[in-house]
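Written out below as structure tokens is the structure these notes cover.
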Amino acid sequence: MSERIVVDPITRIEGHLRAEVEISDGTIKEAFLSSTMVRGLENIVKGRNPKDVWAFVQRTCGVCTATHATTSVRAVEDALGIVVPPNAEMVRNIMLGSLYIHDHVVHFYHLHAFDWVDVVSGLSADPVKTSQLAQSISNWPKSSPGYFSDLQKRLKKFVESGQLGIFANGYWGHPAMKLPPEANLMATAHYLEALEWQKEIVKVHAIFGGKNPHPNYLVGGMACSINLDDASGLNAERLAFVRQLLEDGKKFVEQVYIPDVIAIAGFYKDWGAIGGFHNFMTFGDFPMQGYNNTNRDTFKFPSGVILNKDLSKVLDLDLRNLKTVEEYVNNSWYDYEGDGNKGRQPWSGETKINYTGPKPPYTHLDVSQKYSYIKTPRWKGQAMEVGPLARMLVGYALGREEYKEIVDATLSKLEVPAAALFSTLGRTAARALETQLVANWNLEFFDNLIDNIKKGDTKMANMEKWETSTWPKEAQGVGMVEAPRGALSHWIVIKDAKVANYQQVVPSTWNASPRDPKGQRSPYEATLLNTPVADPELPLEIIRTIHSFDPCIACAVHLYDEKGEIIKEVNDITTCTV
């Protein structure tokens with residue numbers, strides 16, 4: 001006999017997401033994912049100066065603010081044919097790269113680790129054995145018996161007081177938890193250390209962008225000036241501090257994050273056969289010879305598509321082909337003019353939130369009708385997974401040496417086959433491995449910037465087409481960024497120097513969308529199928545797979561009428577309670 005269970009909201013993510021699954025004989029047989037939050041920034045930026053849009057769309061997300069800004073300025077630059085100076089390209093790379101190591105570390109420890117780590121179990125750990133475990137996998141200095149003993153005493157006070165604070169409402173004692181007490185205590189210690197470290201790495205954005213979050217960007221380059229002797233510019237002292245922050249980040253990734261992921265994965269090898277998808281797509285990013293360079297081999301993240309898990313073939317990607325990418329709203333709480341079952345290429349897309357059918361609140365989703373605020377994008381009619389796993393698989397399939405070396409070494413350490421990459425475990429490991437790659441690249445980006453400066457090149461912006469009087473009457477462009485969560489694109493149509501249309505296709509749109517008119521499932525829904533669930537009352541297994549994607553739903557949206565009055569306000573305070 002089957003039963004339907006609901007997880008709503010799935011917390012420890014950015015925004016609200018609802019999962020409804022049907023379980024039979026202890027296994028998920030059907031799954032539906034619904035975003036219960038509205039997005040409407042595309043409508044807010046219409047009619048504005050394209051050069052200003054980056055500042056608005058940054059507010060799409062409270063985490064990837066710089067990512068949306070970069071995507072927006074790239075869209076405008078693409079539309080107008082603006083080439084960014086090499087210094088600005090490297091600064092953008094450094095800012096994106098520092099976001100990667102910040103975002104991935106925070107995701108693992110603070111949003112995903114407690115799907116695998118039992119904090120309360122750490123109370124029974126032997127601090128000496130915990131120290132031995134920590135020192136056996138890493139040279140990280142904070143690994144003495146006394147250090148873990150002190151932490152254990154702090155945890156004990158939390159538990160005895162009945163107030164676990166940030167560790168409250170976890171799946172402690174769940175039968176699917178497999179780590180020994182010592183591993184649980186070690187991971188909990190690193191959770192707290194990551195909280196302290198993440199406050200430092202964000203300073204990279206403050207130095208180059210003036211603040212964090214929501215750093216400053218500029219169409220044509222970056223809004224920061226290089227002057228090694230000026231206290232108000234990017235001087236030698238500030239640049240040296242950036243390098244130190246990047247080196248510290250690399251050290252934390254290599255000595256804490258990577259060893260923890262490998263150690264924890266060793267106890268959950270069965271998850272190397274759970275939660276996999278079949279199609280993968282990456283736009284490519286981290287340009288080394290200019291973003292406008294059509295040779296994507298010059299990108300650290302190559303672009304491409306893998307279909308049906310076939311690593312022997314990587315397909316080319318051309319988003320500018322009007323028939324390549326289409327978004328559907330047949331199962332989304334939006335309307336299109338005309339036939340709502342037909343897809344729209346984003347340049348001609350709409351964000352019309354006036355659907356009058358069933359919407360929240362409800363007891364159960366009526367999946368015979370529209371059931372999500374997320375649209376359904378498709379590449380050549382195919383559902384795609386985007387994100388760290390897609391990026392690592394494309395790089396690996398293309399035979400890039402640094403990808404093959406790090407992936408093969410990890411598979412060997414875990415003693416699992418390459419097929420294990422297509423799984424929840426593979427997705428979580430891929431995020432860690434690409435963080436290690438990016439931590440190394442960050443220093444390469446920085447050295448390139450310094451080499452340019454030493455050669456006398458201090459140019460940070462191309463202002464040749466800054467005046468709107470030089471623009472064509474009509475233009476359209478697409479900006480693409482490999483955000484930490486996956487392939488992100490902004491599509492802009494410019495008429496008379498104003499935004500005529502703007503559409504965002506974010507990573508979680510690809511991964512979390514409802515079914516298309518053909519009934520094809522997107523990754524979230526597909527990867528939950530056939531997942532074993534030990535206790536339907538505590539469906540930890542659902543959380544594990546969904547969290548492995550690092551979902552991001554917009555945090556808050558305000559819709560206004562033409563007079564500027566609030567029509568509807570939807571607020572979300574994401575909590576760490578699952």
Side-chain angles (χ1 to χ4, degrees), residues 10 13-19 32-43 45 57 59-64 67-68 71-72 75 277 279-283 305 317 319 324-336 340 343-353 355 370-391 478-492 501-517 520-527 546 549-555 557 572:
I10 294 177
I13 64 173
E14 184 77 6
H16 286 171
L17 188 68
R18 176 187 181 98
F32 297 93
L33 273 292
S34 172
S35 167
T36 56
M37 301 191 66
V38 187
R39 288 183 60 232
L41 273 171
E42 291 95 338
N43 296 336
V45 301
V57 297
R59 275 68 182 174
T60 301
C61 174
V63 177
C64 293
T67 312
H68 282 286
T71 315
S72 181
F277 198 61
N279 296 336
F280 304 88
M281 180 177 70
T282 171
F283 295 163
V305 169
L317 183 67
L319 287 189
T324 299
V325 174
E326 291 182 318
E327 283 191 296
Y328 296 86
V329 296
N330 60 295
N331 275 318
S332 307
W333 287 311
Y334 299 96
D335 280 336
Y336 280 163
R344 290 280 190 93
Q345 208 277 340
W347 277 316
S348 59
E350 295 178 282
T351 305
K352 294 181 62 178
I353 312 173
Y355 174 67
K370 301 188 178 212
Y371 62 91
S372 181
Y373 274 120
I374 295 180
K375 295 180 182 180
T376 303
R378 292 290 183 261
W379 180 80
K380 293 187 176 180
Q382 300 278 349
M384 292 289 157
E385 176 176 335
V386 300
L389 181 55
R391 289 187 288 262
V478 56
M480 295 172 282
V481 166
E482 277 299 319
R485 290 167 176 84
L488 168 67
S489 57
H490 289 200
W491 306 70
I492 189 170
N501 197 10
Y502 202 92
Q503 294 293 313
Q504 298 170 280
V505 186
V506 305
S508 293
T509 315
W510 289 99
N511 291 332
S513 50
R515 299 172 200 205
D516 61 26
Q520 295 180 106
R521 296 179 179 88
S522 298
Y524 283 14
E525 295 184 347
T527 54
I546 298 303
F549 287 93
D550 191 9
C552 185
I553 315 301
C555 297
V557 172
D572 166 49

Considering non-hydrogen atoms only, spot the tightest contact between [X] and [Y] and give its length.
X: Ala390; Y: Thr282; value: O-CG2, 4.3 Å
X: Ala487; Y: Val386; value: N-CB, 3.6 Å
X: Tyr328; Y: Gly343; value: CE2-N, 3.1 Å
X: Pro377; Y: Thr509; value: CD-O, 3.2 Å
X: Arg515; Y: Asn331; value: O-ND2, 3.0 Å

Donor-acceptor contact present, side-chain [X] to main-chain [Y], <3.5 Å:
X: Lys370; Y: Ser332; answer: yes
X: Ser34; Y: Tyr371; answer: yes
X: Asp550; Y: Arg485; answer: no
X: Arg391; Y: Pro484; answer: yes
X: Thr376; Y: Pro514; answer: yes
X: Glu326; Y: Gly381; answer: no

Could you check whether any side-chain heavy atom of [X] comes within less than 4.5 Å of a side-chain heavy atom of [Y], counting everything from C-beta outward?
X: Leu389; Y: Phe277; result: no
X: Glu327; Y: Tyr336; result: yes
X: Trp491; Y: Leu319; result: yes
X: Val481; Y: Phe283; result: no
X: Gln382; Y: Gln520; result: yes
X: Tyr524; Y: Ser508; result: yes
X: Trp347; Y: Val478; result: yes

(request) Kindly indicate, with the supporting measurements, whether the criterion side chain to side chain contact (heavy atoms under 4.5 Å, CB included) is fulfilled by Trp510 and Asn279. (result) CA-CA 11 Å; Trp510 289 99; Asn279 296 336; over 6 Å; no
(request) Please determine, by modelled atom types, if Gln504 and Tyr502 share a side-chain donor-acceptor pair under 3.5 angstrom. (result) no
Value rounded to 0.5 Å, distance of [atom1] in [X] from [atom2] in [Y]:
X: Tyr334; Y: Ile374; atom1: OH; atom2: CD1; answer: 8.0 Å
X: Ser522; Y: Asp516; atom1: OG; atom2: CG; answer: 7.0 Å
X: Ser35; Y: Trp333; atom1: OG; atom2: CH2; answer: 8.0 Å
X: Asn511; Y: Cys552; atom1: CG; atom2: SG; answer: 11.5 Å
X: His490; Y: Thr71; atom1: NE2; atom2: OG1; answer: 4.5 Å
X: Ile546; Y: Ile10; atom1: CD1; atom2: CD1; answer: 5.0 Å

(message) Taking side chain to side chain donor-acceptor pair (under 3.5 Å) as the criterion, tell me which of Lys375, Glu350, Arg344 meets it with Gln503.
(response) Lys375
